[in-house]
**Student:** 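Handing you this structure, nothing more for now.
Nothing here was measured: the structure is a model prediction, and the numbers come from that model. Note on naming: letters A, B, ... go to the chains in the order of the sequence lines (proteins, then strands), and numbering restarts at 1 for each one.
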Amino acid sequence: MTAVARSWGRLTLAGKILFTVIPILLLLTAGLVLVVVLFGKPVVDFLAANLWLVRFLVAATAVLLMSVPTAFLIIYMEMKVIALMNLRIGPDRVGPFGSLLSVVHGLKVLMKEDFSPTGSDRLVFTLAPVVVYMSAVMSLLVLPFAPGLFGADINIGLLYLFAVGGLTVVGLLMAGWSSFNKYSLLGGLRSAAQVVSYEIPLTLSVVGLLILTGTMSLNQISLNQAGWFTNWYVFQQPLGALIFFIAATAEGNRTPFDLTEADSEIVAGFATEYSGMRFGFFFFAEYVNVFIISGLFVALFLGGWNAPIAWPEAWAIHLTFDPGSTGMGLLFALLLIPPILILALAAPFYVGRSSLPWWQALIIGFVLFNVLAIVVVGGWAFISLDWVAGLLWFLGKTYVFVFTFVWMRGTLPRVRIDQLMGFAWKWLLPASLLNLFVTALAVIVMNPR
Amino acid sequence: MDAALKRRLEARFGDRLTAPVYQRHDETEIRIGPGDVPDVCRTLHDEPDFQFVLLADLAGVDTGSVMQVVYHLWGDTSPDWLRVVADGLSRDDPRVPSVTFLWQGAEWMEREAYDMFGITFEGNRDLRRIYMPPDYQSFPLRKDFFLPDDAARSPGAGVRHMEQVHAPRNTRTADTIRKVRA
Amino acid sequence: MTAAPPHGQREAPSDDPRVQLDEAAGVFEPVPPYPPRTEREAEFYTLGDGEMFINMGPQHPSTHGVLRIVLKLDGEVVVDLDPVLGYLHRGVEKLCENADYHHSIAYLDPLEYISSLFCEWPGVLAFEKLLDVQVPRRAEYIRVLSTELNRILSHSMFIGWMALDLGGLTPILYGLIERDEIAEMLAALTGQRLLYNYLRIGGVNGDLNHEFMSRLGDWMSRATTQIEANLGLLNENEIFVRRMRGLGVMDRETAFRMAVTGPSLRATGVPLDFRRAHPYSVFPELEFDIPTRDEGDCLARYLVRIDEIKQSLRIIDQCIHNMPDGPVMAKLPRLLRPRPGRAYAAVEGPRGQYAAYVVSDGTDQPFRMRIHDPSFVHLQSVGVLMPGHLIADAMAVMASLDPIMGGVDK
């Protein structure tokens with residue numbers, strides 16, 4: 001027994017983790033295989049009869065898994081972009097140009113002490129970040145990333161989104177109250193007031209759009225904007241789009257409306273007492289929210305997954321070549337083309353620069369081959385698979401707006417709570433009502449029924 | 001060196017000055033007793049002859065034999081700094097009326113003089129320590145302030161070697177402290 | 001040593017008032033654990049209906065140094081406040097009493113560390129009055145040149161902090177660029193980036209050198225445009241201007257009542273600048289204006305400081321062009337024994353009046369070295385200006401008065 005204890009003591013932390021985790025994983029896999037073999041057929045039959053359930057489970061899992069890398073990317077982007085705007089360098093140590101920083105941050109918050117302050121309500125304290133994060137992730141379910149590529153096509157998608165967005169308020173209030181700290185309380189109350197106030201212009205600005213589209217399903221709204229970019233709803237609802245943008249900034253607690261986390265006044269607002277993974281949840285939730293509001297803006301007003309120009313049918317490229325039909329030729333192609341191309345791409349560098357060792361030339365060739373392969377395969381996918389094209393357009397447009405939010409954070413100061421509330425109730429609400437009436441009037445005038 | 005100011009001061013306050021008006025470089029100095037401080041300051045502040053509206057500084061001084069409170073005033077009517085020295089406060093229980101009724105900004109300066117010297121400003125609404133912790137016993141800028149004595153009275157005294165008092169006590173009697181005629 | 005109390009029980013409270021103070025008065029309240037000792041303390045520490053205390057403790061991202069403010073809030077509105085000082089108190093005045101006249105100049109530097117040349121200057125001037133030393137003209141010009149550079153440095157940092165307290169993350173880094181360039185310049189001249197220790201009794205520590213002049217010339221050629229560009233970030237930003245306008249209005253009477261000097265006083269409409277009102281050094285020969293504004297709000301205080309930067313650039317220009325030749329240090333005996341007496345000297349610094357009152361007893365150590373610091377006085381105004389505003393505005397008001405805790409706590 002002591003030999004085991006001694007060997008265990010000599011392991012590093014990584015070793016200890018691996019030695020514990022791997023046997024558990026193996027056992028689980030064996031157990032799962034056993035379960036599947038023994039009870040598999042009835043379950044598979046049930047699932048085959050209810051494919052919608054399978055689809056939903058896969059979609060929900062994918063959305064959950066996807067939210068974390070998205071948050072990572074946006075966090076890194078925020079740090080790097082704001083640093084460059086501040087004439088600083090920002091993260092540049094952890095990966096190439098510091099790109100692995102978010103990963104390291106994620107690991108770091110996992111390793112912190114599980115701490116809750118004296119006098120706090122532990123259950124509520126722990127659940128608050130979960131509520132906030134879940135509301136963010138649930139919103140991702142209905143975003144239409146590409147034709148056919150969405151979590152669920154709920155026909156009251158917009159209503160669902162606003163309802164779930166309201167859950168954030170509950171989470172913030174839970175956080176503020178359970179921290180047993182006056183700063184947190186102030187921050188939680190401020191943020192609750194802010195989010196609730198701006199939900200009304202947010203919802204009303206979209207109602208005008210609903211009159212035009214007649215449907216609340218985000219998928220359908222994106223489909224309606226197919227064709228040229230003049231079909232996009234931003235040209236039919238400019239005021240609505242503007243109000244939505246401003247209200248969404250306030251909903252996401254972004255600058256200039258970020259008083260809830262105004263660290264020059266109330267330290268970290270509702271998140272003052274949070275550390276470790278609980279704070280990580282708040283952090284990720286905020287950035288997933290940024291992604292959601294950008295994605296929503298794009299889906300509602302900027303055409304969703306549609307390209308700005310409609311490729312005319314006469315010029316459509318149809319790639320009818322089916323690689324599988326070549327049979328063995330495919331195998332030979334996969335084996336021979338990469339080395340030949342690598343050598344072909346490396347040769348100019350090797351020949352042109354006398355001081356370059358052959359292996360460096362090969363590495364350059366390999367990298368260039370990869371780039372070429374990505375371009376070729378991506379291009380093929382872009383042209384022939386509509387969901388790839390749609391996804392790329394959607395993500396591209398969304399990240400333009402994420403960049404805009406990050407840009408606003410680096411540039412603008414924050415407004416005061418009373419200015420913020422005044423702006424919501426005195427300006428945005430009347431403006432969104434005006435937008436609604438004008439839209440309704442226009443619809444009646446132009447389509448009398 | 002503003003001779004006109006000297007004449008005005010002697011004419012107005014003649015009997016209350018405890019020493020001749022002293023001028024050197026760009027400073028004019030008058031000395032009064034502590035009880036005269038409110039009247040003199042109000043006169044200097046309000047009367048159109050003087051109009052010294054800006055309180056530039058309020059300092060306590062421990063000359064070794066007496067305590068003083070020194071006010072520096074500035075006004076448009078004279079190119080000189082006016083120094084008002086409230087002289088002759090006893091070192092055991094120095095008391096001076098406060099000037100916070102004229103300048104609310106003197107409140108903290110008087111608190112600092114109280115904290116550092118123990119001078120009580122009668123009429124200051126907030127006369128508590130400003131730099132030292134609220135339970136501090138001595139007054140640091142006094143000439144008979146002796147630091148090991150202070151450490152000896154702290155709650156941690158005596159536990160470790162460094163916290164014990166090794167220096168001889170009673171070294172700062174009135175004879176051995178530094179004095180100045182100022 | 002007493003035995004440890006049984007697990008889970010606190011020690012029995014003792015009668016010694018000092019020990020009672022060492023115990024926490026309740027883990028969560030900033031109310032002091034002893035009965036109020038003064039009228040003001042009693043007034044402040046009694047809560048009205050719906051009010052609460054918040055402690056902006058010595059560690060806080062927004063107080064300009066280690067400052068503790070106990071705020072009494074009614075919701076978000078500040079009803080009253082009580083600043084607690086002393087966290088940075090180093091006993092500079094007492095240290096100077098035990099040091100040589102020359103050594104005490106080095107003690108004066110860390111008072112307001114951002115504008116340390118202005119902290120040294122009144123001490124040095126007071127010593128020179130006691131010693132009746134005539135400072136050479138070249139030394140005076142170099143003093144003016146370096147202190148005006150220090151003023152620009154201080155104001156650039158002020159702009160940065162003002163923006164940071166309002167939420168803008170970028171202007172402080174632009175302010176730091178300015179500060180860095182000037183700090184490099186002054187490092188070439190004095191050897192130090194922050195606590196310069198450059199002024200000496202009778203002159204300055206060293207003459208201008210080539211590196212300083214080349215950096216200065218390079219910077220001056222682009223200073224105006226660079227500063228204009230940086231300022232454009234804030235002046236034209238709607239959110240900044242709307243938040244600062246009409247905030248923390250201080251009128252003339254309040255300013256004189258609170259003994260406020262410097263840009264905060266000039267923002268209320270009083271053109272009082274000691275460089276013109278009570279000239280010292282070579283300021284009678286230099287041409288510059290005194291910027292004033294009438295509104296007395298945060299925006300006015302901010303704009304006055306910006307105008308002062310422009311005037312400082314004018315002064316630096318004149319200093320460079322009219323720099324006379326000659327020694328940079330007067331001839332003095334090694335052991336300085338000034339005549340017994342008293343001297344008061346004041347200069348106009350970036351925050352207001354910096355002054356020193358020195359009492360000398362004829363020995364080589366000052367008998368009493370009293371330092372008057374503008375931040376200390378201005379921090380009292382915070383108690384007058386803040387009540388009635390929201391917390392966010394309260395921090396903006398404090399930032400606009402520009403306190404530096406090193407000077408507040410001496």
**Student:** Hey, are the side chains of B/Q104 and C/T254 touching, using non-hydrogen atoms and a 4.5 Å cut-off?
**Tutor:**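 Not in contact.
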**Student:** Who among B/P133, B/A56, B/A106 has the most heavy-atom pairs with chain C under 4.5 Å?
**Tutor:**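 Going by pairs under 4.5 Å, I would pick B/A56.
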**Student:** Taking only heavy atoms into account, what residues of residues 26-38 of chain B are found under 4.5 Å from chain C?
**Tutor:**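 Counting heavy atoms that sit under 4.5 Å from chain C, the residues of residues 26-38 of chain B involved are B/D26, B/E27, B/E29, B/R31.
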**Student:** Is C/L379 close to chain B through its backbone or its side chain, or both, or neither, when contacts mean heavy atoms under 4.5 Å?
**Tutor:**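 For C/L379, heavy atoms of backbone and side chain both lie under 4.5 Å from chain B.
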**Student:** With a 4.5 angstrom heavy-atom cut-off, could you sort out which part of C/E41 is near chain B: side chain, backbone, both or neither?
**Tutor:**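 When you check distances to chain B, atoms from both the backbone and side chain of C/E41 fall under 4.5 Å.
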**Student:** Let's test your reading of the structure: which of B/D80, B/I130, B/T100, B/D76 forms the most heavy-atom pairs below 4.5 Å with chain C?
**Tutor:**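 So the answer, after comparing B/D80, B/I130, B/T100, B/D76, is B/I130.
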**Student:** So which of B/E107, B/H45, B/E112 has the biggest tally of heavy-atom pairs under 4.5 Å with chain C?
**Tutor:**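 Most heavy-atom pairs within the cutoff with chain C belong to B/E112.
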**Student:** Can B/R178 and C/D361 be counted as an ion pair, charged N to O under 4.0 angstrom?
**Tutor:**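 So B/R178 pairs with C/D361 through a salt bridge.
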**Student:** Using heavy-atom distances under 4.5 Å, tell me whether C/Q365 contacts chain B through its side chain, its backbone, both, or neither.
**Tutor:**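 Both backbone and side chain.
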**Student:** Check whether C/E43 gets within reach of chain B through its side chain, its backbone, both or neither, counting any heavy atom under 4.5 Å.
**Tutor:**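 It is the side chain, since no backbone atom gets that close.
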**Student:** Which region of C/A343, side chain (C-beta onward) or backbone (N, CA, C, O), has a non-hydrogen atom less than 4.5 Å from a non-hydrogen atom of chain B, or is it both or neither?
**Tutor:**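 It is both, since atoms from each part get that close.
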**Student:** Show the numbers, then the answer: is there a salt bridge (Lys or Arg N to Asp or Glu O under 4.0 Å) between C/E39 and B/R128?
**Tutor:** CA-CA 10 Å; C/E39 198 183 313; B/R128 47 189 166 122; over 6 Å; no
**Student:** Counting only non-hydrogen atoms closer than 4.5 Å, does C/S360 touch chain B with its backbone (N, CA, C, O), its side chain (CB onward), both, or neither?
**Tutor:**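 Looking at C/S360, just its backbone touches chain B.
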**Student:** Compute the ring centroids of C/F256 and B/W74, then answer whether they are less than 6.0 Å apart.
**Tutor:**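 Between B/W74 and C/F256, which both carry aromatic rings, the centre distance is not below 6.0 Å.
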**Student:** Would you call C/M258 and B/W103 a side-chain contact if the rule is heavy atoms closer than 4.5 Å?
**Tutor:**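 No, their side chains stay 4.5 Å or more apart.
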**Student:** As an exercise: rank C/V408, C/V260, C/V84, C/V377 by heavy-atom pairs under 4.5 Å with chain B and give me the winner.
**Tutor:**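 The candidate making the most pairs under 4.5 Å is C/V408.
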**Student:** Would you please classify the geometry between the B/H72 ring and the C/Y357 ring as parallel, tilted or perpendicular, with 30° and 60° separating the classes?
**Tutor:**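 C/Y357 vs B/H72 ring planes: perpendicular.
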**Student:** For C/F367, is the NZ or CZ atom of B/K179 found under 6.0 angstrom from the centre of its six-membered ring and inside 45 degrees of the ring axis?
**Tutor:**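 The answer is no; the distance or angle limit is not met.
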**Student:** Strictly distance-based, threshold 3.5 Å: is any side-chain N or O of C/Q380 a donor or acceptor partner for the main-chain N or O of B/W108?
**Tutor:**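 Present.
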**Student:** Quick check on C/R37 against chain B: is it the side chain, the backbone, both or neither that has a heavy atom closer than 4.5 Å?
**Tutor:**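 Side chain only.
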**Student:** Cation-pi check, C/R342 to B/Y22: give yes when NZ or CZ is under 6.0 Å from the six-membered ring centre and within 45° of the ring axis, no otherwise.
**Tutor:**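 Relative to the ring axis of B/Y22, which defines the angle, C/R342 lies inside both limits.
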**Student:** Does any backbone or side-chain atom of C/V384 lie under 4.5 Å from a heavy atom of chain B? Answer side chain, backbone, both or neither.
**Tutor:**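 It is the side chain, since no backbone atom gets that close.
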**Student:** Can you list everything that forms a salt bridge (Lys or Arg N to Asp or Glu O under 4.0 Å) with C/E128? Sequence neighbours excluded, please.
**Tutor:**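 So C/E128 forms a salt bridge (Lys or Arg N to Asp or Glu O under 4.0 Å) with C/R143.
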**Student:** Counting only heavy atoms closer than 4.5 Å, note whether C/A355 contacts chain B via side chain, backbone, both or neither.
**Tutor:**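 When you check distances to chain B, no heavy atom of C/A355 falls under 4.5 Å.
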**Student:** Tell me, out of B/D115, B/L58, B/N124, B/L102, who's got the most heavy-atom pairs with chain C below 4.5 Å.
**Tutor:**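 Among B/D115, B/L58, B/N124, B/L102, the one with the most close pairs to chain C is B/L58.
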**Student:** What part of C/F376 is in contact with chain B, defined as an atom under 4.5 angstrom from a non-hydrogen atom: side chain, backbone, both or neither?
**Tutor:**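 Its backbone and side chain both get close to chain B.
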**Student:** Pick one of side chain, backbone, both or neither for C/D82, based on which atoms fall under 4.5 Å of a heavy atom in chain B.
**Tutor:**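 Side chain only.
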**Student:** Less than 4.0 Å between a side-chain N and a carboxylate O, is that true for C/D132 and B/R24?
**Tutor:**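 Answer for the salt bridge query: yes.
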